[in-house]
A.B. asks: 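Have a look at this one.
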Amino acid sequence: MLFAQIIAFILVMAVFEAYQPGPPQLSAGESYLASAALAAMLWLTSRLAVRLHQSRLRGPHPPADPAKAGRRLVTKLHLAAIFCLILIITLAELKAHLLSWPGMQTWESLRGVAALGLYLLLLGVVWSAAYRLERSASLEGLERRDYVSGQLRLVAPVVFPWFAVSLVQDLLAHAWPAAGAWLNTGPGSLVYLLVFVACLALFFPVLVKYWWGCAPLEPGRERDVAAMVLEHTKVSVGGILTWPLMGGRLLTAGILGLLPRLRYLLITPALAGALDNRELAAVVAHEAGHVVHRHLWYYLMFFAGLFLAAYALAEPLALIISGLVWWLAGSSWGMDLLGADGAGGAFSILPALPLVALLIVYLRLVMGFFMRHFERQADFFALRVMGEAEPLAASLETIAMLSGDTRDVPSWHHFSIAQRVRALEQAQADPRRIAAQARLIRRGLGVFFLGLALVVAGGFAVEGLGLDQQLKQATLERILASEIAKRPHDARLQMQMGVLLYERGEERRALEHLQGAVALAPKDPEVLNGLAWFWATAKDPSLRRPRQAVSLAHQAVSLAPLPHIWDTLAEAYFAVGDPAKAVAAARAALAARPSERLGYYQGQLKRFQAATQEERP
């Protein structure tokens, strides 16, 4: 369930951050009321679904696999919570109103806290309904409040890494703008995430111990058995802890931590009490197997590989969305869709979906494969330590029995208990299977690292081609052409088409549109500025008109003395060979206090100043 929550959390945060709402049609009060109504509908449908499921279990035609049916229902309830959240931020327009709160526009961590708080609230609704299923299966006697709070504590390790990353990045951006700007670049964000993951991997177990309320296991039978197995397998830990989540009723164990002093063996009271000494020893040997085979280090590399792959594939994945927009822009109904939503509606969610798909595929297929086979390798390690399959097999059968008929139910990260028991028995009968399992993992790791290298190289190669930018420009040209056909006398549209064509290097076509725009609106400063910039900077010398550029830029700056128009005048003066006046205009551009691209304007001033120095004898 923890890994499923990781995927769900990634989806929620990606969708919430990607969605760019337009001006809200609902008032704040109406938005809050609609959001509450949607949450109430989730509460009602969740309770009804659980009651119907329980009635089916008691009826004449119960599901063939009750445990599997119960897990599917819980998964559907979690998906319903995500769907409800999407409806709340889009149809109920809650995000549009949240963005009006202080700090929401500039602090990513605050936006994330809002999304996280809303998602956890909806999960609380789902957990409150799912409690009836869990109580009847394996958590009998646990209060609803303790179940919900236990779930919150269980997902805390999923939430904290994101919050810490975004909060530190926000603090750096506000206290040290240069560092914040670098962290917002592709290489900066990648390096930051990799360093953060490495630090988190080292110290995370200490935080998890606190969140989950773990305490040292009291001296006695269970502690003596665990300590004996750890000593025998030469696995060092910083503590053997009792794991009290869900009132200690969960039947599970785990080992966390890369470094011996920051490594902890966790055992729930329910598991320790349900197993005899040999069964408990087999479970501890299984956990020790993860350390001996360095599985925890591989997990760290897998997460680092995930960030590296996401960074390398950002451009190819963006191509998918750009291609979709380009295709839509080629039809009237597609233009209607783009015009209705554009970058400020539900359509804005789409750019996040390829990345979410990549994360889901990576976690479920790539990491899922290794997680299943790491568990099997740890099972085989326990077989070798114990000398026979029976102790671990018996512990697994006990867990299946007490957990409510889960023996034949696999998950994407675990083989089913039936499969694990069968594999143990086969390995005992034929020990060559143990070596075969190790070879399978080694080959899998080789394929993984080779595939990762090819993906990264291919992603960087695609990025170097600049296809995404070309596709975006082609899409924008389609959209502008469609709008110009509807409004041929719109000077701003003509100017935008001219600027786009200029950037693509089609200067003669660009000049036609820019001159046409000036003919339509000879007093529009933006239109005048567009043609002035073209005449001052055209790459084709035959198309340059620097003196006319100075004249037009003068007119534009007298109408609107904005930084970018002053910059055009400076460029025009530079083009006619008057760097001194270019310096004066560049200073005026900085004096106009540009709100963005400050480094560009400073660079322009230095460039023109250098030219004045070269003129001096």
A.B. asks: To the nearest 0.5 angstrom, please state how far the CD1 atom of Ile255 sits from the CG atom of Leu241.
C.D. replies: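 CG of Leu241 is found 10.5 Å from CD1 of Ile255.
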A.B. asks: Keeping the roles fixed (side chain from Ser128, backbone from Val125), state whether a donor-acceptor pair exists under 3.5 Å.
C.D. replies: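 It does not hold such a pair.
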A.B. asks: Can you tell me how far apart CD1 (Ile441) and OH (Tyr298) are? Round to the nearest 0.5 Å.
C.D. replies: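 Interatomic distance, Ile441 CD1 to Tyr298 OH, rounded to 0.5 Å: 8.5 Å.
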A.B. asks: Is it the case that atom CZ in Arg47 sees more than 12 heavy atoms from other parts of the structure closer than 6.0 Å?
C.D. replies: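 Counting other residues, nucleotides and ligands, CZ of Arg47 exceeds 12 neighbours.
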A.B. asks: In this structure, are over 12 heavy atoms from other groups packed under 6.0 Å from Arg294 atom CZ?
C.D. replies: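 Open.
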A.B. asks: Using a strict 4.0 Å threshold on nitrogen-to-oxygen distance, state whether Glu388 and Arg278 make a salt bridge.
C.D. replies: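 Judged by the 4.0 Å cut-off on N to carboxylate O distance, Glu388 and Arg278 do form a salt bridge.
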A.B. asks: For residues Val291 and Thr233, determine if any side-chain heavy atom of one lies less than 4.5 Å from a side-chain heavy atom of the other.
C.D. replies: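 No, too far: nothing below the 4.5 Å cut-off.
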A.B. asks: Do Phe302 and Phe370 make the cut of ring centroids closer than 6.0 angstrom?
C.D. replies: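 That pair passes the under 6.0 Å test.
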A.B. asks: Does the side chain of His295 pick up a donor-acceptor pair with the side chain of Gln377 at under 3.5 Å?
C.D. replies: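 Note: His295 and Gln377 side chains meet the donor-acceptor criterion.
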A.B. asks: Measure the CG-CZ distance between Leu359 and Phe307 for me, rounded to the nearest 0.5 Å.
C.D. replies: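 Spacing of CG (Leu359) from CZ (Phe307) equals 8.5 Å.
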A.B. asks: Give, for atom CD of Gln151 and atom CG of Leu123, the distance between the pair rounded to the nearest 0.5 Å.
C.D. replies: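 Going from the CD atom of Gln151 to the CG atom of Leu123 covers 8.5 Å.
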A.B. asks: How many angstroms lie between atom CG of Leu440 and atom CZ of Arg376, to the nearest 0.5 angstrom?
C.D. replies: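 Here the rounded value is 9.0 Å.
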A.B. asks: Do Arg263 side-chain atoms and Leu258 backbone N/O form a donor-acceptor pair below 3.5 Å?
C.D. replies: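 Yes; judged by distance alone, with no hydrogens or angles, the pair exists.
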A.B. asks: Considering only heavy atoms from C-beta outward, does the side chain of Val126 approach that of Leu122 to under 4.5 Å?
C.D. replies: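 Of all side-chain heavy-atom pairs linking Leu122 with Val126, none is under 4.5 Å.
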A.B. asks: Where is the tightest heavy-atom contact between Ala39 and Cys84, given as atom of each residue plus distance?
C.D. replies: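 Of all heavy-atom pairs spanning Ala39 and Cys84, the closest is N-SG, 4.1 Å.
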A.B. asks: Which residues pass the side chain to side chain contact (heavy atoms under 4.5 Å, CB included) test with Ala427, not counting sequence neighbours?
C.D. replies: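 With sequence neighbours excluded, Ala427 shows a side chain to side chain contact (heavy atoms under 4.5 Å, CB included) to Phe380, Leu383, Arg433, Ile434, given in chain and number order.
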A.B. asks: Apply side-chain contact (heavy atoms from CB on, under 4.5 Å) to Phe381 and Val292, showing your working.
C.D. replies: CA-CA 9 Å; Phe381 181 82; Val292 171; 3.7 Å; yes
A.B. asks: Establish, yes or no, whether a centroid distance under 6.0 Å links the rings of Tyr299 and Phe374.
C.D. replies: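 Aromatic pair counts; centres sit under 6.0 Å.
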A.B. asks: Please enumerate all residues that pass side chain to side chain donor-acceptor pair (under 3.5 Å) together with His373, with sequence neighbours excluded.
C.D. replies: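 Checked His373 against side chain to side chain donor-acceptor pair (under 3.5 Å); matches are Gln437.
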A.B. asks: What distance do Met228 atom CE and Leu280 atom CG have between them, rounded to the nearest 0.5 Å?
C.D. replies: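 Met228 CE to Leu280 CG: 9.0 Å, rounded to 0.5 Å.
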A.B. asks: After noting the C-alpha distance and the side-chain angles of Glu375 and His286, does the key distance pass the side-chain hydrogen bond (donor to acceptor under 3.5 Å, both in side chains) rule?
C.D. replies: CA-CA 8 Å; Glu375 290 297 321; His286 167 93; 2.9 Å; yes
A.B. asks: Tell me whether the count of non-hydrogen atoms from other residues, nucleotides or ligands lying under 6.0 Å of CE in Met301 goes above 12.
C.D. replies: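 More than 12 heavy atoms, drawn from other residues, nucleotides or ligands, come within 6.0 Å of this atom.
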A.B. asks: Answer yes or no: is there a side-chain heavy-atom contact under 4.5 Å between Ile89 and Phe16?
C.D. replies: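 Yes, side chains in contact.
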A.B. asks: Does Lys95 make a cation-pi contact with Tyr19, if we ask for NZ or CZ under 6.0 Å from the ring centre and within 45° of the axis?
C.D. replies: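 No, Lys95 and Tyr19 do not form such a contact.
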A.B. asks: Would you say the side chain of Phe9 lies within less than 4.5 Å of the side chain of Leu116, judging by non-hydrogen atoms?
C.D. replies: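 Leu116 vs Phe9: side chains touch.
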A.B. asks: Looking at Leu250, Leu251, Thr242, which hits side-chain contact (heavy atoms from CB on, under 4.5 Å) with Pro269?
C.D. replies: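 Among Leu250, Leu251, Thr242, the one meeting side-chain contact (heavy atoms from CB on, under 4.5 Å) with Pro269 is Thr242.
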A.B. asks: How about Phe449: does its CZ atom have over 12 heavy atoms from other parts shown lying under 6.0 Å from it?
C.D. replies: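 Counting other residues, nucleotides and ligands, CZ of Phe449 exceeds 12 neighbours.
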